[in-house]
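These notes concern the structure reproduced below.
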Amino acid sequence: MERSCLAIILAAGDSTRMKSSMSKVLHPIASRPMIAHVMEAIAKTDISVAALVVGRNADEVSAAASIGGIAVESYLQKERLGTGHAVLAAREAIARGYDDILVAYGDVPLLTDAPLRAARQGLADGNDVVVIGFHTDNPNAYGRLLVKDGELIAIREAKDATDAELAVTWCNSGLMAINGRKALDLLDRIGNNNAKGEYYLTDLVEIARSLGGRAVAVDAPEVEMTGCNNRAELAFIERLWQERRRHELMLSGVTMIAPETVFLAYDTVIGQDAMIEPNVVFGPGAVIEGGAIVHAFSHIEGAHVSAGATVGPFARLRPGADLASGAKVGNFCEVKNGKIGEDAKVSHLTYIGDATIGAGSNIGAGTITCNYDGVNKYETHIGANAFVGSNSSLVAPLRIGDGAYIASGSVITDDVPADALAFGRARQEVKPERAKLVRERALAIKAAKKGAGSH
């Protein structure tokens, strides 16, 4: 759309009903502040400048909103005198002159770009105010959109509506677009002659019409207009977001056995023919290539799983984990900043941190890379086709060559050359009859204690 546009995002709420010490719009949906979801939708409408009206946590809110290449300007709203007053906190930005002004809220994280584009198109068609509405079976306390002959003639608050108006199910979302060339004049005409003494943005409809302008409403899916005011609504929105994204992934060719138990981050990437079993959680930065399998009860964040690799069950991949094709990280294993080579196996009860495992190598149960000395972290490099026996401790920094063999129960502190066999454990000794003596001594001590207690 070849029209200049300023997006104004109202994000100055005090989070009172959230019962929170931080701004409402910073609370996460799918591991991302809800305002970032709103900004993503705005960025997709080809808007390059946004005025962010902020209150508490202003710096954190501004940082969270700075995505998608949008230049974010922050304006502090010192008083809470209604939505019309909030928009005018960005007067300086509005005064620069734009074709379109788009007003959105920082607490509607299910918003997509489609309603915003429709609102801007309404301005391009010659309207001065375009309100985004939604149809609902439960209008309750929402303001009603009153339309006559295709024009929006008023937004009537439920408490002021007649019985006939209350029967209207097309409701006001609060989002709207305003003719940028007339915006300041229209906004400055909003009065506060109401019970709360506040300046309501909804008054723009009747103000624009009184000046000979035209107002219309465009429709949006009800789910996209869902706002967040408390923790229960936060959880509800999270559920809606997850359902929508799971559905998209399954339609793209991802198999989820029990999709309602899989939780995704905003940037989770899963390829075609990947299999996700129940109770899997993805944190930010997870990429699962096509054909990979993630077994049940695994947690993956900041990790890359290549085609044909398998994870879990009960595995944890932390940031920097990178599984090559055919690699396996099995049950009760944790990988952090570790590269697992092609067809290498880390099958169970193992920790791999700051390490590289070569192709075809096998890491036995209970093995750990000792990568941290309490101050610094060090790397372990294991070559191709190596075998590390169960319950081995690999003390970094360390290099184990191709084809090397580490005996079970070893503590390895020095480099091991290729094809070498390394032991790092005490030699076994057998003491005949000693176990019997140990038991007899223990029983004698127990009996003595019991006898002393009876006196």
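The first residue of the sequence shown is numbered 1, and numbering continues consecutively from there.
Taking both residues in full, the closest heavy atoms of Leu145 and Cys171 are given as CD1-O, 3.6 Å, listed atom of the first, atom of the second, then distance.
The main-chain N or O of Leu102 is never found under 3.5 Å from a side-chain atom of Arg120 such that the two would form a donor-acceptor pair. Although no hydrogens or angles enter the test, the distance criterion places a donor-acceptor pair under 3.5 Å between the side chain of Lys24 and the main chain of Cys228. Between the side chain of Thr367 and the main chain of Ser390, no donor-acceptor pair closer than 3.5 Å is present. Formation of a donor-acceptor pair under 3.5 Å by the Thr83 side chain with backbone atoms of Leu201 is found in this model. Judged purely by atom type and a 3.5 angstrom limit, Ser361 uses its side chain to pair as donor or acceptor with the backbone of Gly383.
Counted within 6.0 Å of CZ on Arg17, heavy atoms from surrounding residues, nucleotides or ligands total 12 or fewer; the atom is thus considered open. Crowding of Glu92 atom CD: a count of heavy atoms from other residues, nucleotides or ligands under 6.0 Å not exceeding 12. The number of heavy atoms from other shown groups lying within 6.0 Å of NE2 (His135) is above 12. Annotation for Phe387: atom CZ counts as buried by contact number, over 12 foreign heavy atoms lying within 6.0 Å.
In this structure, the ring of Tyr378 has its center no less than 6.0 angstrom from the ring center of Tyr372.
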Decide yes or no on salt bridge (charged side-chain N to carboxylate O under 4.0 Å, His left out) for Arg399 and Asp415, but give the supporting numbers first.
CA-CA 5 Å; Arg399 303 190 75 88; Asp415 290 352; 5.8 Å; no
Just do the side-chain contact (heavy atoms from CB on, under 4.5 Å) check on Asp99 and Leu123 with the steps written out, would you?
CA-CA 9 Å; Asp99 294 318; Leu123 295 180; over 6 Å; no
Take Arg231 and Glu238, measure what salt bridge (charged side-chain N to carboxylate O under 4.0 Å, His left out) needs, and give me the verdict at the end.
CA-CA 10 Å; Arg231 308 284 182 144; Glu238 180 76 38; over 6 Å; no
side-chain hydrogen bond (donor to acceptor under 3.5 Å, both in side chains) assessment of His295 paired with Thr310
CA-CA 7 Å; His295 292 293; Thr310 61; 5.2 Å; no
Let's go through Val269 and Ile288 carefully: what are the C-alpha distance in whole Å and the side-chain angles of both, what is the deciding distance for side-chain contact (heavy atoms from CB on, under 4.5 Å) to 0.1 Å, and is it a yes or a no?
CA-CA 6 Å; Val269 176; Ile288 313 299; over 6 Å; no
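Here Glu248 pairs with Arg245 in a salt bridge; the nearest charged N to carboxylate O distance falls below 4.0 Å. Using a 4.0 Å cut-off between a side-chain N of Lys or Arg and a carboxylate O of Asp or Glu, Lys336 and Glu301 do not qualify as a salt bridge. Ionic pairing of Lys431 and Glu429 is present here: one or more N-O contacts between side-chain nitrogen and carboxylate oxygen are shorter than 4.0 angstrom. Salt-bridge annotation for Glu40 and Arg32: present, with a side-chain N of the basic residue lying under 4.0 Å from a carboxylate O of the acidic one.
No option in Gln77, Arg80, Glu198 other than Gln77 meets the side chain to side chain contact (heavy atoms under 4.5 Å, CB included) test with His85. Under the side-chain hydrogen bond (donor to acceptor under 3.5 Å, both in side chains) rule, Asn371 has a single partner from Asp354, Thr380, Asn337, which is Asp354.
Using the six-membered ring where Trp is involved, Phe314 and Phe332 have ring planes that are parallel, under 30° apart on the 30 and 60° scheme.
In this structure, Arg3 is not positioned above the aromatic face of Tyr98 in the sense of NZ or CZ being under 6.0 Å from the six-membered ring centre and within 45° of the axis.
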